[in-house]
Amino acid sequence: MRKLGLVGGLSWTSTARYYEIINKLVQRKLGGQHSAPLLIESLDFAAVASCVSDDDWDCAATQLIDAARRLEGAGAGALLICANSMHRVYDQVQAAVSIPILHIAEEVGKAMQADGVEKAALIGTRRVMTEKFYRQRLVAHGVSLLPPDMALAEQVDRIFYEELTLGKINRESQRFMKSELTDIAKQDVQAVVLACTELEMIVDVRANVLPIYDCTSIHAQAGVDFILG
């Protein structure tokens, strides 16, 4: 097996899910007591979030670049950045290391293209829903996206920062997300992209009217594909 590096702590709650999913998939594939060879750089999310709130993306990029270089130096053969919004600085981080960084939106886009999905709704934090760095990657795979719902984006931002990154699961937020997904299913779309690595905590991705492309699981699977060659 090849060694995979995770740039985590963005937040720790989703990084824990990456670790769990990757190890379960490796064990399922190889059987017995096999587990995944992983290196994890778990950053202090408060420091990264402070850069983002100040709209200082160079500051955020510096922290991810330092983490990526440490993982490369420790022997990782490829990396995952365990967050959607931090892929805004993907190009800067990838340029700073010589090993591949598997882009989360690329992996989601490939999965949707393979399934023939042409129309979808994108749900995530405000920057992911509204800025081109994420949307363009999906569009490049032939997926047409609904215009961003700003009210939904602001609410997801609140749930993300005030609840999910702190490990809190709120029943009201669960009901809110279920209601939103029900409303989206009434529109002219074939699927929903769950583009916030923590949203899986309050959304049952298997129990919805529309297919849900959960970025956390898809990204983790890409990591396993690398590990197993």
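Count residues from 1 along the sequence.
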Practice task
Would you sort out whether Val193 and Met112 count as a side chain to side chain contact (heavy atoms under 4.5 Å, CB included), showing the intermediate values?
Solution key: CA-CA 9 Å; Val193 179; Met112 298 176 81; 3.5 Å; yes
Whether [X] side chain and [Y] backbone form a donor-acceptor pair below 3.5 Å:
X      : Y      : value
Glu107 : Ala222 : no
Gln190 : Glu118 : yes
Arg135 : Met129 : yes

Exercise for the section: Please name all residues satisfying ring pair (Phe, Tyr, Trp, His ring centres under 6.0 Å) with Tyr213, sequence neighbours left out, ordered by chain then number. Expected result: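 For Tyr213 there are no ring pair (Phe, Tyr, Trp, His ring centres under 6.0 Å) partners, ignoring immediate neighbours.
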Handout entry: In one Ile/Leu/Val/Met/Phe/Trp/Tyr side-chain cluster, 4.5 Å: Leu79, Phe45
Key =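 Per the 4.5 Å side-chain linkage, Leu79 and Phe45 are co-clustered.
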Handout entry: Within one Ile-Leu-Val-Met-Phe-Trp-Tyr cluster: Ile159 and Leu181, side-chain cutoff 4.5 Å
Key =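 Yes, Ile159 and Leu181 fall within the same hydrophobic cluster.
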Practice task
Indicate yes or no: does Asp91 engage Arg137 in a salt bridge with an N to O separation below 4.0 Å.
Solution key: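 Answer for the salt bridge query: yes.
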Exercise for the section: Flag the pair Glu106 and Lys110 as a salt bridge only when some basic side-chain nitrogen lies within less than 4.0 angstrom of an acidic carboxylate oxygen. Expected result: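 Answer for the salt bridge query: no.
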Practice task
Kindly check if the number of other-residue, nucleotide or ligand heavy atoms within 6.0 Å of CZ (Phe226) is above 12?
Solution key: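 Result for CZ/Phe226: enclosed.
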Can a side-chain donor-acceptor contact be found between [Y] and [X] if the only test is distance below 3.5 angstrom?
X      : Y      : result
Asn170 : Gln174 : no
Glu72  : Ser98  : yes
Gln94  : His103 : no
Ser11  : Thr165 : no
Ser173 : Glu163 : yes
Ser14  : Glu198 : yes

Indicate yes or no: at least one non-hydrogen side-chain atom of [X] is less than 4.5 angstrom from one of [Y].
X      : Y      : value
Arg69  : Val97  : yes
Arg2   : Pro37  : no
Gln155 : Glu180 : no
Ser217 : Glu200 : yes
Ile202 : Arg171 : no
Leu228 : Leu30  : yes

Between [atom1] on residue [X] and [atom2] on residue [Y], distance to nearest 0.5 Å:
X      : Y      : atom1 : atom2 : answer
Ile104 : Tyr90  : CD1   : OH    : 12.0 Å
Leu6   : Leu39  : CG    : CG    : 8.5 Å
His219 : Asn84  : NE2   : CG    : 8.5 Å
Phe133 : Thr130 : CZ    : OG1   : 8.0 Å
Leu38  : Tyr18  : CG    : OH    : 12.5 Å
Leu138 : Ser144 : CG    : OG    : 11.0 Å

Handout entry: Pair listing, side chain to side chain donor-acceptor pair (under 3.5 Å) test, anchored in residues 27-53, at least two apart
Key =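 Counting only pairs at least two positions apart or across chains, the side chain to side chain donor-acceptor pair (under 3.5 Å) contacts touching residues 27-53 are Glu41-Arg70.
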Practice task
Decide whether a cation-pi geometry holds between Arg127 and Tyr134; the criteria are a distance under 6.0 Å from NZ or CZ to the six-membered ring centre and an angle within 45° of the ring axis.
Solution key: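 No, Arg127 does not sit over the ring of Tyr134.
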Problem - Val192 and its side-chain contact (heavy atoms from CB on, under 4.5 Å) partner, picked from Leu122, Val209, Ile123 - result: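 Going through the options one by one, the only one that passes is Ile123.
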Practice task
Only counting residues at least two apart or in another chain, list the ones meeting salt bridge (charged side-chain N to carboxylate O under 4.0 Å, His left out) with Arg175.
Solution key: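 Partners of Arg175 under the salt bridge (charged side-chain N to carboxylate O under 4.0 Å, His left out) test: Glu172.
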Practice task
Tell me if the SG of Cys196 lies under 2.5 Å from the SG of Cys215.
Solution key: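 No disulfide here.
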